[in-house]
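A short worksheet on the structure shown next.
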Amino acid sequence: MSEKIDLRIIKTKKNLYNSILNIMRDKPFEEIKVSDICENALINRSTFYAHFNDKYELLYCLISDLKEGLTNVLNKNECSENQKEYYMKMIELFLNHIDENIDTYSAIIKNNKNSILMDMIYDTLLNDIKSNLKQSNTGNIPIDFVSRFYVSAVINVGIDYLRNPKNISKEKVIDYLNQLLPDNIY
C-alpha cells in the first residue's frame, strides 16, 4: 500500500522554494536569514523548522529536486548508436531543462557564488556521460578523462547560455556545437 501524499507539505515546500529563490534574485545566499525566507513565504518560523533544519538544508533540497529533474530529462536520451548524436541530444536536453527552469537557475546563479548548483550539474552530466561511454571504445584514453573533458564543454556552454539567453538562441548554440564536434568523437 503506498503512502498518502500530504498536499500541505508539498505546498509548503514549494512556497519555501519560491521564497528563497525570490530573495536570491536580490541578495546573496550568505546574507539571507531564515526570518527573511519566512517573511517572504508568509509562514511562521516554526513551520519552516518543521520542514528544514536551516536555510542550507532548504537550498540542498531545492537543488536535489532540480538534479532529479535533470537526471530524468537526460534519461530520455536514446541516441546511443553514434556518440556525436548522443552528445548533441544531451546538450539539447540540458538546454531545454535550463529553459524550463530558467527562473530557478537564474536566481541561484545571479547573486551567488555558491558552487552547489555547479557541482550538481557537473555530477549529473558526468554520470550520464560515463554511463554512455561504458558502451563505447575510448581507445587508450580512460573513460573518466574523456567524460570530464566533455562535461566541462557542455557545462561552460550551458552556463554561458543561462547567463546570456538573449545573446544567443538555443538553436544557434546547438548548431555551433554540431559544427564543432567531430563525427568520430568518443
Hey, is the main chain of S46 close enough, under 3.5 Å, to the side chain of N44 for a donor-acceptor pair?
no
About how many Å separate CD1 of I108 and CG of L62, when rounded to the nearest 0.5 Å?
4.5 Å
Distance in Å, Y49 OH paired with D54 CG, rounded so as to fall on 0.5 Å steps:
7.5 Å
For residues L7 and I9: do they belong to one hydrophobic cluster (side chain heavy atoms under 4.5 Å, members Ile, Leu, Val, Met, Phe, Trp, Tyr)?
no
Please give me the minimum heavy-atom distance between K84 and L181, naming the atom from each residue.
NZ-O, 2.9 Å
Gap between atom CG of D103 and atom CG of N18 - 0.5 Å precision
9.5 Å
Verify, without hydrogens or angle tests, whether T124 (side chain) and M120 (backbone) share a donor-acceptor contact under 3.5 angstrom.
yes
Does the side-chain contact (heavy atoms from CB on, under 4.5 Å) test come out yes or no for K170 and I98, once each step is laid out?
CA-CA 10 Å; K170 178 176 52 181; I98 288 174; over 6 Å; no
Mind running side-chain contact (heavy atoms from CB on, under 4.5 Å) on I37 and I23 for me, showing each step along the way?
CA-CA 7 Å; I37 297 166; I23 297 168; 4.2 Å; yes
Just how far is it from atom CG of L21 to atom OH of Y105, taken to the nearest 0.5 Å?
12.0 Å
Does atom CZ of F149 have more than 12 heavy-atom neighbours from other groups under 6.0 Å away?
no
Has the side chain of D175 got a donor or acceptor atom that lies under 3.5 Å from a matching backbone atom of E171?
no
Between N132 and D128 (side chain of the first, backbone of the second, donor and acceptor by atom type, cut-off under 3.5 Å), is there such a pair?
no
Quick check: are there more than 12 heavy atoms from other residues, nucleotides or ligands sitting under 6.0 Å from CD of E39?
no
Could you tell me whether a side-chain N or O of D160 sits under 3.5 Å from a main-chain N or O of N156, the two making a donor and an acceptor?
no
Between F48 and L42, is there shared hydrophobic-cluster membership here, with clusters defined by ILVMFWY side-chain heavy atoms closer than 4.5 Å?
no
Could you walk me through whether Y176 and V157 pass side-chain contact (heavy atoms from CB on, under 4.5 Å), step by step?
CA-CA 10 Å; Y176 290 158; V157 169; over 6 Å; no
hydrophobic_cluster_shared for Y60 and I20, side chain cutoff 4.5 Å:
no
Distance col, row L58:CG vs S19:OG, nearest 0.5 angstrom, shows 8.0 Å
Note: V34 and K55 closest approach over all heavy atoms is CG2-N, 4.1 Å
What distance separates L66 CG from E68 CD, expressed to the nearest 0.5 Å?
10.5 Å
Taking a hydrophobic cluster as the set of Ile, Leu, Val, Met, Phe, Trp and Tyr residues connected by side-chain heavy atoms closer than 4.5 Å, whether directly or through intermediates, do L70 and V173 fall within one such cluster?
yes
With distance as the sole test, does N178 use its side chain to make a donor-acceptor pair with the main-chain N or O of I174 at under 3.5 Å?
no
Do NZ/NE/NH1/NH2 and the carboxylate oxygens of D36 and K27 come within less than 4.0 Å?
yes
For G69 and H97 the tightest heavy-atom approach is C-CE1, 3.7 Å
Is a side-chain N or O of N15 found less than 3.5 angstrom from the main chain of A41, in a donor-acceptor match?
yes
Could you pull out the closest heavy-atom pair between K13 and H51, with the gap in Å?
CE-ND1, 4.1 Å
Which heavy atom of D65 sits nearest a heavy atom of Y17, and at what distance?
OD2-OH, 2.8 Å
Considering all heavy atoms of both residues, which atom of I102 and which atom of L162 are nearest to each other, and what is their separation?
CD1-CD1, 3.4 Å
Can you list the steps and then say if I129 with Y86 is a side-chain contact (heavy atoms from CB on, under 4.5 Å)?
CA-CA 9 Å; I129 290 173; Y86 159 75; 3.6 Å; yes
Examine distances only and state if a side-chain atom of N82 and a backbone atom of E85 form a donor-acceptor pair shorter than 3.5 Å.
yes
